[in-house]
Protein chains: 2
Amino acid sequence: MKRKITLKHIAKELEVSISTVSKALKNSEEISRDTKEKIQAFAKLYNYRPNNIAVSLKNKRTKNIGVIIPDIVHHFFTTVISGVEKEANSKGYNVIVCLSDESFDKEVINMEMLANGSIDGFIMSLSSETQQKKDYNHLKEVTDQGIPLVLFDRVTQSVDCDKVIIDDQLGAYEATKKLLNQGKRKIALITVDDYLSVGTERTKGFIRAHKDLGIPYLEKNILKMPTMEMEEGIIREFLTKADYDAIICVNEIFAVFGMKVAKETGKKIPQDVSVIGFTDGLLSKYANPSLTAIAQHGELMGETAARMLIKRIEDESDDEFPFQTKILQPTLIERDSTIN
Amino acid sequence: MKRKITLKHIAKELEVSISTVSKALKNSEEISRDTKEKIQAFAKLYNYRPNNIAVSLKNKRTKNIGVIIPDIVHHFFTTVISGVEKEANSKGYNVIVCLSDESFDKEVINMEMLANGSIDGFIMSLSSETQQKKDYNHLKEVTDQGIPLVLFDRVTQSVDCDKVIIDDQLGAYEATKKLLNQGKRKIALITVDDYLSVGTERTKGFIRAHKDLGIPYLEKNILKMPTMEMEEGIIREFLTKADYDAIICVNEIFAVFGMKVAKETGKKIPQDVSVIGFTDGLLSKYANPSLTAIAQHGELMGETAARMLIKRIEDESDDEFPFQTKILQPTLIERDSTIN
DNA sequence: TTGTAAGCGTTATCAA
DNA sequence: TTGATAACGCTTACAA
């Protein structure tokens with residue numbers, strides 16, 4: 001077993017001091033060419049690499065970014081990680097991923113754990129429990145300590161930090177408007193309870209589109225699911241009883257399932273019922289018929305969040321620049337579940 | 001901005017030595033009750049938390065696990081991460097996720113980066129490029145340094161380490177047998193090129209099932225895709241020309257798409273054509289008709305890998321126990337794309 | 001019962 | 001041009 005080699009080993013072997021080795025490997029002007037060459041050759045031969053931990057302790061920079069997300073199974077979060085990874089890696093950062101599992105406690109624990117020196121900054125999306133409790137002390141603790149934080153997608157007004165969101169209201173607005181313009185008058189909306197920021201916004205957009213076009217929306221056609229978790233029974237019951245000619249859903253799983261129930265009850269898609277879902281993931285693409293979707297651009301969101309965070313981390317100036325909220329534009333991807 | 005408090009601060013404030021503080025916070029018997037209480041109260045008040053980096057440097061233990069996977073968009077890898085996270089967190093470890101993007105170079109870079117002290121061990125699945133090149137020096141370097149490594153799913157014989165795989169051959173074998181037993185005689189197999197370990201194994205299982213039942217398999221009904229990436233054109237062309245009464249695919253994306261093409265050409269599923277896919281993900285569950293799938297138990301795989309790794313990491317005994325390869329059993333989940 | 005000092009692997013300042 | 005030393009924050013053997 002080849003043990004990892006350190007500056008000390010090289011120094012002893014070549015009978016120079018540790019600091020000479022350190023400088024030589026940094027190609028410092030202070031060291032003579034001969035010595036540098038000798039040391040560099042030796043280091044290369046033994047494949048020397050500085051120990052990240054020691055460097056971190058010294059510099060108080062870990063080059064790690066902590067990402068905390070509610071779950072990893074929803075395609076959207078996956079794409080965000082992918083974007084964060086990409087941007088972070090290109091700037092020499094690693095990504096530590098923690099899952100809160102939609103639990104407040106796990107979110108707090110993970111945050112505390114990482115905040116004790118493991119990372120230079122956080123990128124996170126709030127767990128549903130956190131949004132429900134409206135308890136953001138753990139976030140404030142972290143920002144108080146001067147650790148940069150970027151919230152994305154599920155954010156809160158109560159914490160001062162950089163944010164990246166998509167214009168959820170606009171996404172819902174445009175989807176709704178499209179359907180209304182095509183003559184749909186009985187649109188069903190399957191959304192989530194208002195404590196989830198995305199639920200509120202999307203519902204707002206839905207209502208606003210109706211108002212703007214002077215068409216009444218049907219209160220009883222709005223279903224607010226308790227969480228983003230699939231509960232087939234609730235959706236099935238709702239759609240069985242409701243009178244609708246279109247469905248808009250807060251995520252693609254609900255949408256695909258809604259489509260299924262509609263078909264089961266003899267409705268044709270998109271002729272009888274048009275369906276649009278949030279999140280443009282694999283499900284939407286490969287559903288049958290393929291699903292018209294509101295793309296949330298998760299990868300871009302991740303990249304943007306990472307870029308903002310790294311800028312904050314690497315900002316040397318003492319006068320802090322003000323926090324920003326970047327709002328990305330959703331895109332309607334038209335497929336076969338709506339009339340084009 | 002509240003700066004992070006250290007032992008030094010507490011020591012100075014309470015006019016004791018740093019080691020007294022350290023011991024008091026560890027509830028050491030050496031320290032008097034009075035002193036301990038005073039110190040603990042102060043630490044609590046100021047919310048003292050030891051700096052992970054300093055502890056890591058001292059103990060040569062980071063409590064971080066590095067996970068390197070080819071991509072994060074395939075549902076299977078996502079579930080593996082989820083399993084690793086779960087097991088790791090429960091044992092006090094964080095998970096650092098790196099994506100190789102199926103690239104050999106990125107795999108090497110990520111590994112080197114993490115190997116320099118950032119993690120206590122690796123869990124990884126080989127990138128396709130690595131399996132193609134058959135160059136595993138980066139893995140050997142790491143194991144030579146005594147860093148534990150657990151390979152999962154895409155593994156290689158060439159590296160001595162713990163491994164977790166599912167019995168891919170068996171999965172394909174059983175799926176094939178089921179179809180043959182139902183009278184299907186013209187099964188099409190959409191797999192991947194042999195350089196990917198999973199491709200080889202699944203093809204073997206397909207062929208073995210035919211042999212065991214004494215039924216000839218159709219060489220021309222086997223399509224080997226260049227990678228796991230979707231290339232609609234290739235699959236569409238293949239299925240358009242082929243004469244088949246069932247399809248088995250190496251992943252659910254291929255399967256769902258295969259189903260689509262079959263339907264487009266007027267075939268009924270499952271009456272005319274039965275379809276089975278590897279990976280039991282969201283796509284399979286919500287496809288229409290829902291897809292019979294060979295579950296790879298990604299979450300269990302992740303948990304198992306993490307458990308094996310942590311055992312290795314925490315093993316104190318000098319006589320190393322031999323490397324293990326755990327083989328998980330796939331499960332056939334029957335849905336509507338096959339006759340039950 | 002408390003404190004001193006060495007050490008983990010680096011970097012950086014200052015002295016030789 | 002090189003080296004000794006202190007420092008990052010913590011742990012621990014040993015001394016007081």
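Here is the naming used below: chain letters follow the sequence lines, and residue numbers restart at 1 for every chain.
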Any N or O donor-acceptor pair under 3.5 Å from the base of [N] to the side chain of [X]?
| X | N | value |
| --- | --- | --- |
| Lys58(A) | dT11(C) | yes |
| Lys23(A) | dG3(D) | yes |
| Ser19(B) | dT4(C) | yes |

Between [atom2] of [N] and [atom1] of [X], the distance in whole Å:
| X | N | atom1 | atom2 | value |
| --- | --- | --- | --- | --- |
| Glu29(A) | dT2(D) | CD | C1' | 15 Å |
| Asp34(B) | dT2(C) | CG | P | 8 Å |
| Ile5(B) | dG9(D) | CD1 | P | 12 Å |
| Leu25(A) | dG9(C) | CG | C1' | 13 Å |
| His9(A) | dC8(C) | NE2 | C1' | 12 Å |
| Lys4(B) | dC8(D) | NZ | P | 17 Å |
| Ile10(A) | dG9(C) | CD1 | P | 12 Å |
| Leu7(B) | dT11(D) | CG | P | 6 Å |

Are any of [X]'s side-chain N or O atoms less than 4.0 Å away from OP1 or OP2 of [N]?
| X | N | answer |
| --- | --- | --- |
| Tyr48(A) | dT10(C) | yes |
| Ser17(B) | dG3(C) | yes |
| Ser32(A) | dT2(D) | yes |
| Lys8(B) | dC8(D) | yes |

Looking only at heavy atoms, the pair that brings Val95(B) and Ala88(B) closest together is CG2-CB, 3.8 Å

Listed nucleotide nearest any side-chain atom of [X], set [options]:
| X | options | value |
| --- | --- | --- |
| Lys26(B) | dT2(C), dT11(D), dG9(D) | dT11(D) |
| Leu57(A) | dC10(D), dC8(C), dC8(D) | dC8(D) |
| Val55(B) | dT2(C), dG9(C), dT11(D) | dT11(D) |

Quick test of your reading of the model: are [X] and [Y] salt-bridged, counting only N-O distances below 4.0 Å?
| X | Y | answer |
| --- | --- | --- |
| Arg312(B) | Asp162(B) | yes |
| Lys91(B) | Glu87(B) | yes |
| Lys106(B) | Asp101(B) | yes |

So what does Arg33(A) hit on the nucleic acid, given a heavy-atom distance under 4.0 Å: a base, only sugar-phosphate, or nothing? nothing

Assign Ser56(B) to base, sugar-phosphate, or nothing according to its heavy-atom contacts below 4.0 angstrom with the strands shown.
nothing

Establish, yes or no, whether a centroid distance under 6.0 Å links the rings of Phe104(A) and His138(A).
yes

Whichever of Glu30(A) and Ile18(A) has the more 5' nearest nucleotide on DNA chain C, that residue is Ile18(A)

5'-most contact on DNA chain C (nearest-nucleotide basis), Thr20(B) vs Ala54(B), goes to Thr20(B)

Here the salt bridge (charged side-chain N to carboxylate O under 4.0 Å, His left out) pairs for residues 43-58 of chain B, sequence neighbours left out, are Glu112(A)-Arg49(B)

Note: for Ser22(B) and Lys36(A) on DNA chain D, the residue whose nearest nucleotide lies more 5' is Lys36(A)

